[in-house]
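Just below is one structure, and these are the notes that go with it.
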Amino acid sequence: MKFQLAINMERMDAGLDMKDIARHTLDMVQMADRGEFNIVWAAEHHALEMTIAPNPFSILTWWAEHTDRIRLGTAVAVAAYWHPIKLAGEAGFLDLISGGRLEFGIGSGAYQREFDRMAPGLKQQDAWRFMQEMLPCVRELWKGDYEHNGEFWSFPTSTAVPKPVQEEVPVWVAARAPITYDYAVREGCNILSWPLTRGMDEAEAYMQRLEDAMAANPGAKRPTMAMMRHTALYDKKDDWIVPVRAAQRQLSQFENLFKNLGDVKDGFPKEIPFDQLGNRAEYDPRMLHENLMFGTPDEVIAKLKRYEALGVDEFVYYASLGLGLTEQKRSLELFCNEVIPAFS
């Protein structure tokens, strides 16, 4: 099993200095580069302090200049917020400047709040249609001159400038629903999956969706399957509650955004009390400790072995959960030094 890092510049409150957050994020990426991580992912979100990522390509270009070997991925570029020519060119430039390290992740988008600002009138549940029109369009622009007349975009003959230096750029889609797994297999895309805070049964369901999609598309190449979990390692078992409390705080903001409750002030979503959530059982401390990738190095190795046995190809270490910066660095240090060697 290989390993990937997903990390955001994040502020849970205004007391954190943005310059410190930026420096910390780059430090973490450089640690992953030295520590044999395969890919690092940058997100795309807008007007939210908990995920500061207005353009994943500018973030990845910054990281490219300060790393040597780690591959650089968008997780994900939100199709509805882009024009195909601009998206193809931005991706091509990143691949050029990084020496062919681009991993192109594309998706539908997560929060209705963002659609209300970035693509007014578009419902989040309909955004997959933009993604499915965008991807083949970008691939054609990477090849050369291409004219497009579609449902959402139309333009005369054009091409991506610059073009990627890789002959074939790896493409990833974020997938949870069966229809997206089928699309990924059919279109030759790798899969990014995220079971949120749910148990191994959710991970097993995702693997079954992949197998079903493979059966429905005989002869298709099996995609690389990556699975993401919030991750935090610590030296002493007694410290288990520290990342759990951090995750609860961040996830209470996530619920605000996911349910479009609208209570966001100056970019900071209000934390929703768990007793007001119908799904509050998903945030029980012991359940979070068990389901998320929290533990001492030995505990995390044991958890990861279950994913490896399930058929997961690459594990995505999701570092951004509102944990203190010192704790984040110690966690990644333990993972690089003690966990990755167990899977060499």
Side-chain angles (χ1 to χ4, degrees), residues 3-37 40-43 45 48-53 59 63 66-67 70 75 194 196-197 227-255 268-269 271 274 282-304 315-343:
F3 299 97
Q4 307 173 1
L5 176 69
I7 186 165
N8 308 316
M9 289 186 288
E10 62 170 359
R11 291 204 305 167
M12 305 307 292
D13 59 64
L16 295 166
D17 190 307
M18 195 60 244
K19 289 180 288 187
D20 293 338
I21 296 297
R23 180 67 248 179
H24 165 78
T25 305
L26 181 58
D27 287 346
M28 293 280 282
V29 171
Q30 290 175 319
M31 287 174 66
D33 186 39
R34 296 190 300 267
E36 300 303 314
F37 275 75
V40 62
W41 298 101
H45 285 288
L48 294 169
E49 293 276 358
M50 66 182 291
T51 313
I52 302 162
I59 294 171
W63 294 348
H66 297 282
T67 55
I70 198 165
W194 184 23
L196 301 174
T197 65
M227 199 167 289
M228 182 169 76
R229 287 288 199 183
H230 286 89
T231 302
L233 285 75
Y234 35 83
D235 293 283
K236 299 180 296 184
K237 288 186 178 183
D238 291 347
D239 291 337
W240 72 274
I241 197 65
V242 175
V244 166
R245 293 302 186 211
Q248 284 182 317
R249 182 186 183 194
Q250 188 215 42
L251 290 165
S252 71
Q253 292 190 357
F254 172 76
E255 286 288 346
F268 295 102
E271 297 172 35
F274 292 117
E282 295 185 14
Y283 301 104
D284 174 79
R286 289 288 177 184
M287 181 278 299
L288 290 173
H289 175 256
E290 179 182 348
N291 290 350
L292 302 182
M293 201 56 65
F294 294 168
T296 63
D298 286 345
E299 289 173 329
V300 166
I301 289 168
K303 287 182 178 183
L304 285 168
F315 174 76
V316 187
Y317 178 127
Y318 189 15
S320 301
L321 63 142
L323 196 62
L325 305 189
T326 300
E327 290 84 358
Q328 285 188 42
K329 283 184 177 173
R330 179 57 178 159
S331 172
L332 188 57
E333 180 181 42
L334 289 168
F335 196 91
C336 291
N337 293 342
E338 300 189 35
V339 174
I340 290 179
F343 294 85

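The model shown is predicted, which means the values in this text are computed figures rather than measured ones.
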Determine, for R330 against E327, whether the closest basic-nitrogen to carboxylate-oxygen distance falls under 4.0 angstrom.
->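 Between E327 and R330 there is no salt bridge, as every charged N stays at least 4.0 Å from the carboxylate O atoms.
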In terms of side-chain geometry, is the basic nitrogen of D298 or K237 positioned less than 4.0 Å from the acidic oxygen of its partner?
->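 Salt bridge between D298 and K237, a charged N being under 4.0 Å from a carboxylate O: no.
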Measure the acute angle between the ring planes of W194 and H230, then classify it against the limits of 30° and 60° as parallel, tilted or perpendicular.
->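 It falls in the tilted class, 30° to 60°.
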Show the numbers, then the answer: is there a side chain to side chain contact (heavy atoms under 4.5 Å, CB included) between T25 and M28?
-> CA-CA 5 Å; T25 305; M28 293 280 282; 5.8 Å; no
Beyond-backbone contact of [X] with [Y], side-chain heavy atoms, under 4.5 angstrom:
{"X": "L251", "Y": "L288", "answer": "yes"}
{"X": "Y317", "Y": "I340", "answer": "no"}
{"X": "Q248", "Y": "P285", "answer": "yes"}
{"X": "W41", "Y": "V316", "answer": "yes"}
{"X": "F268", "Y": "R11", "answer": "yes"}
{"X": "V29", "Y": "H66", "answer": "no"}
{"X": "K329", "Y": "L325", "answer": "no"}
{"X": "V244", "Y": "I241", "answer": "yes"}

Evaluate the side chain to side chain contact (heavy atoms under 4.5 Å, CB included) criterion for residues M18 and I52: first the C-alpha distance (whole Å), next the side-chain angles of each, then the deciding distance (0.1 Å), finally the verdict.
-> CA-CA 10 Å; M18 195 60 244; I52 302 162; 3.5 Å; yes
Identify the heavy atoms of [X] and [Y] that sit nearest to each other, and give their distance.
{"X": "I70", "Y": "D33", "value": "N-OD1, 2.9 Å"}
{"X": "C336", "Y": "P341", "value": "O-CD, 3.4 Å"}
{"X": "A232", "Y": "L323", "value": "CB-CD2, 4.1 Å"}

Given the side-chain rings of Y283 and F254, with only the six-membered ring counted for Trp, is the space between their centroids under 6.0 Å?
->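 Not close enough - the centres of the two rings lie 6.0 Å or further apart.
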With rounding to the nearest 0.5 Å, note down the distance linking [atom1] in [X] to [atom2] in [Y].
{"X": "H45", "Y": "M9", "atom1": "NE2", "atom2": "CE", "value": "12.5 Å"}
{"X": "I7", "Y": "T51", "atom1": "CD1", "atom2": "OG1", "value": "11.5 Å"}
{"X": "S331", "Y": "D239", "atom1": "OG", "atom2": "CG", "value": "11.5 Å"}
{"X": "M50", "Y": "D13", "atom1": "CE", "atom2": "CG", "value": "12.5 Å"}
{"X": "L321", "Y": "R249", "atom1": "CG", "atom2": "CZ", "value": "11.5 Å"}
{"X": "L196", "Y": "R229", "atom1": "CG", "atom2": "CZ", "value": "8.0 Å"}

D17: side-chain contact (heavy atoms from CB on, under 4.5 Å) partners, not counting sequence neighbours =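 Expected list: K19, D20.
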List for me each residue that meets side-chain contact (heavy atoms from CB on, under 4.5 Å) alongside E290, sequence neighbours excluded, and say none if there are none.
->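 E290: no side-chain contact (heavy atoms from CB on, under 4.5 Å) contacts found.
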Q250, M12, Q253 screened by side chain to side chain contact (heavy atoms under 4.5 Å, CB included) with P269, the one that passes =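 Result for side chain to side chain contact (heavy atoms under 4.5 Å, CB included) with P269: Q253.
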Please report the C-alpha distance between F315 and F343 in whole Å, then the side-chain angles of each, then the deciding distance to 0.1 Å, and finally whether the ring-ring contact (aromatic ring centres under 6.0 Å, His included) criterion is met.
-> CA-CA 11 Å; F315 174 76; F343 294 85; 9.3 Å; no
Please list all pairs passing the salt bridge (Lys or Arg N to Asp or Glu O under 4.0 Å) test where one or both residues lie in residues 315-325, with sequence neighbours left out.
->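 Output for this query is empty, none listed.
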Are the side chain of K303 and the backbone of F294 linked by a donor-acceptor contact shorter than 3.5 Å?
->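 Checking the backbone N and O of F294 against the side chain of K303, a donor-acceptor pair under 3.5 Å is found.
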Kindly say whether E10 contributes a backbone atom to a donor-acceptor pair with the side chain of N8 at under 3.5 angstrom?
->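 Looks like no, no N/O pair under 3.5 Å.
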For N291 and T197, what are the C-alpha separation, side-chain angles and deciding distance, and is it a side chain to side chain contact (heavy atoms under 4.5 Å, CB included)?
-> CA-CA 6 Å; N291 290 350; T197 65; 5.6 Å; no
